[in-house]
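Some notes on the structure that comes next.
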Amino acid sequence: MAITDQERQALIDLANEARKRAYAPYSNYQVGAALRTKSGRIFTGVNVENAAYPHTMCAERVAIFKAVSEGETEFEVIAVATNNGGSPCGGCRQVMAEFGLDTIVLIADGDGHLKKEMTLSELLPEAFTPKHLL
Ligand code: THU
């Protein structure tokens, strides 16, 4: 899988665009994600918080669940954008790992700058995956 600089930036920009739609009145920490499937479709996601705090859902998982609910389970790359270039949480790493350890993760800040790029296997070493249940 290869991703060009242009594609990388386009996905980061989509994640930041989505970020504006984050529903984060409690933390005020807006997160946006843009996921590209192997088939070339793109799904965005934002964090959706709740007055009952634990029911909050992260942006990455919203994007992934949107994709899976549309029949897409093979992912190439996911961009995650926050104001300060924050890293995906452990729960989101685990959910991403379910669908492949080769997925590329782009971590960007609110200005659209790429802060880090790595594969899921780098982001979540020794991941527990579906193959462990075989
Ligand atoms: N959040 C995400 O959307 N993704 C992450 O990977 C880390 C955390 C959200 C959850 C909550 O709405 C806010 O950021 C602060 O934790």
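Just so you know, ligand 1 is whichever comes first in the structure, and atom 1 is the first atom listed for that ligand.
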Side-chain polar contacts of residues 53-64 - donor-acceptor pairs under 3.5 angstrom, sequence neighbours left out - could you list them?
{"residue": "Thr56", "atom": "OG1", "partner": "Asn50", "partner atom": "N", "Å": "3.4"}
{"residue": "Thr56", "atom": "OG1", "partner": "Tyr53", "partner atom": "O", "Å": "2.9"}

Flag the pair Ile78 / Leu106 as yes when at least one side-chain heavy-atom distance between them is below 4.5 Å, and no otherwise.
no
Sequence neighbours excluded, which residues qualify as side chain to side chain donor-acceptor pair (under 3.5 Å) partners of Lys20?
Glu17
Is the ring pair Tyr26/Tyr23 parallel, tilted or perpendicular, if the boundaries are 30 and 60 degrees?
perpendicular
At a 4.0 angstrom heavy-atom cut-off, what protein residues surround ligand 1?
Ser27, Tyr29, Val31, Asn47, Glu49, Thr56, Cys58, Ala59, Glu60, Pro88, Cys89
Atom pairs and distances, side-chain donor-acceptor, residues 83-93, under 3.5 Å, sequence neighbours left out:
{"residue": "Asn84", "atom": "OD1", "partner": "Tyr29", "partner atom": "OH", "Å": "2.7"}
{"residue": "Asn84", "atom": "OD1", "partner": "Thr82", "partner atom": "OG1", "Å": "3.4"}
{"residue": "Asn84", "atom": "OD1", "partner": "Gly86", "partner atom": "N", "Å": "3.4"}
{"residue": "Ser87", "atom": "OG", "partner": "Arg93", "partner atom": "NH2", "Å": "2.9"}
{"residue": "Arg93", "atom": "NE", "partner": "Pro88", "partner atom": "O", "Å": "2.7"}
{"residue": "Arg93", "atom": "NH1", "partner": "Leu123", "partner atom": "O", "Å": "3.0"}
{"residue": "Arg93", "atom": "NH2", "partner": "Pro88", "partner atom": "O", "Å": "3.0"}

Does Phe43 form a side chain to side chain contact (heavy atoms under 4.5 Å, CB included) with Glu70? I'd like the steps, not just the answer.
CA-CA 10 Å; Phe43 295 88; Glu70 296 291 328; 3.7 Å; yes
